[in-house]
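Just so we're clear, the structure is a prediction, and the values are computed from it rather than from any experiment.
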Amino acid sequence: QVQLVESGGGLVQAGGSLRLSCAASGRTFSRFAMGWFRQTPGQEREFVAAIRRSSSTYYVNSVKARFIIPRDNAKKTLYLQINSLKPEDTAIYYCAAKGEDNPSYSLSSYYSRTTYEYWGQGTQVTVPS
């Protein structure tokens, strides 16, 4: 069983920065594919960024050049560095994990909610307009 706990959310003015953390427990974190998703009221949970076991990274176009998704396998922790925050970044941010990442998986699979087996409870990010 894998448990994910997010932290680091808060209220930040536009143009500011935040670093979200996702602490994992349980199985071998280094073999996981990890992702960040976000959700606003009434909307579906949407892909933000992912990092594979190989450390390849993927981002939704709207956050490229502003978001970075590093991981620290020794600490079993995933991060999301968010820079140049915008009001439209306001959402609950969720960490997700897929155990046993495999090089044969398609690129598109990392963008899909259904790929990920484990989810955290989310952390709120608010950027006032």
Side-chain angles (χ1 to χ4, degrees):
Q1 186 68 21
V2 175
Q3 295 180 333
L4 304 173
V5 179
E6 301 98 334
S7 62
L11 189 152
V12 180
Q13 297 301 314
S17 298
L18 272 179
R19 188 177 79 161
L20 307 183
S21 299
C22 172
S25 63
R27 295 159 59 192
T28 307
F29 178 80
S30 63
R31 300 206 293 257
F32 298 169
M34 299 295 297
W36 286 99
F37 288 73
R38 65 187 179 186
Q39 189 170 22
T40 55
Q43 301 296 316
E44 291 191 353
R45 195 169 296 185
E46 67 170 1
F47 171 78
V48 174
I51 182 166
R52 297 179 65 164
R53 176 177 178 177
S54 65
S55 294
S56 295
T57 57
Y58 311 116
Y59 300 90
V60 67
N61 286 340
S62 61
V63 309
K64 282 182 181 177
R66 298 192 299 121
F67 288 22
I68 304 171
I69 183 173
R71 65 191 296 167
D72 186 330
N73 289 335
K75 295 182 178 179
K76 295 186 179 181
T77 302
L78 175 74
Y79 302 97
L80 186 67
Q81 178 67 41
I82 309 175
N83 301 316
S84 302
L85 276 157
K86 302 177 180 181
E88 52 264 42
D89 295 321
T90 295
I92 299 174
Y93 283 72
Y94 295 92
C95 169
K98 173 168 178 57
E100 298 300 336
D101 188 22
N102 189 301
S104 67
Y105 296 154
S106 67
L107 171 60
S108 62
S109 67
Y110 294 92
Y111 289 71
S112 172
R113 296 192 308 274
T114 61
T115 293
Y116 298 87
E117 301 159 291
Y118 307 102
W119 292 85
Q121 293 302 305
T123 185
Q124 175 73 48
V125 172
T126 302
V127 186
S129 56

Exercise. When hydrophobic residues are tied together by side-chain contacts of less than 4.5 Å, even through go-betweens, does Ile69 share a cluster with Val5?
Worked result: no
Exercise. Which pairs with one or both residues in residues 59-96 pass ring pair (Phe, Tyr, Trp, His ring centres under 6.0 Å), sequence neighbours excluded?
Worked result: none
Could you measure the distance from the [atom1] atom of [X] to the [atom2] atom of [Y]? Nearest 0.5 Å is fine.
X	Y	atom1	atom2	value
Thr77	Leu4	OG1	CG	10.5 Å
Ser30	Lys76	OG	NZ	9.0 Å
Phe37	Ile92	CZ	CD1	15.0 Å
Gln124	Leu11	CD	CG	9.0 Å
Gln81	Arg19	CD	CZ	7.0 Å
Met34	Leu80	CE	CG	11.5 Å

Exercise. With sequence neighbours left out, which residue pairs that include part of residues 1-15 fulfil the side-chain hydrogen bond (donor to acceptor under 3.5 Å, both in side chains) condition?
Worked result: none
Exercise. With the threshold set at 4.0 Å, does a side-chain nitrogen-carboxylate oxygen contact exist between Glu44 and Arg113?
Worked result: yes
Side chains of [X] and [Y] in contact at under 4.5 Å (non-hydrogen atoms):
X	Y	result
Ile51	Leu78	yes
Val125	Val12	no
Ile68	Pro70	yes
Asn102	Arg53	no
Thr40	Thr90	no
Phe32	Glu100	no
Asp89	Arg38	yes

Exercise. Asp72 side chain to Lys75 main-chain N or O, any donor-acceptor pair under 3.5 Å?
Worked result: yes
For this session: Would you confirm whether Thr115, through its side chain, and Ser109, through its main-chain N or O, come within 3.5 Å as a donor-acceptor pair?
Result: yes
Sequence neighbours excluded, every pair satisfying disulfide bond (SG atoms under 2.5 Å apart) that has a member inside [range]:
range	result
residues 40-69	none
residues 25-64	none
residues 72-129	Cys22-Cys95

Nearest heavy-atom neighbours spanning [X] and [Y]:
X	Y	result
Trp36	Ser21	CH2-O, 3.8 Å
Pro128	Pro87	O-CG, 3.9 Å
Tyr116	Trp119	O-NE1, 3.5 Å
Ala24	Phe29	CB-CD1, 3.5 Å

For this session: For Glu88, look at atom CD and say whether over 12 heavy atoms of other residues, nucleotides or ligands are found less than 6.0 Å away.
Result: yes
Problem set entry | Residues which pass ring pair (Phe, Tyr, Trp, His ring centres under 6.0 Å) with Tyr118, listed by chain and number, not counting sequence neighbours | none
Problem set entry | Partner residues of Val60 under the side chain to side chain contact (heavy atoms under 4.5 Å, CB included) criterion, sequence neighbours left out | Phe47, Ser62, Val63
For this session: Taking side chain to side chain contact (heavy atoms under 4.5 Å, CB included) as the test, write out the residues that go with Ser56, two or more places apart.
Result: Arg52, Ser54, Tyr58
Taking only residues two or more places apart in sequence, or in another chain, which ones meet [X] in a side-chain hydrogen bond (donor to acceptor under 3.5 Å, both in side chains)?
X	answer
Gln39	Arg45
Asp101	Tyr110
Ser17	Asn83
Thr114	Ser112

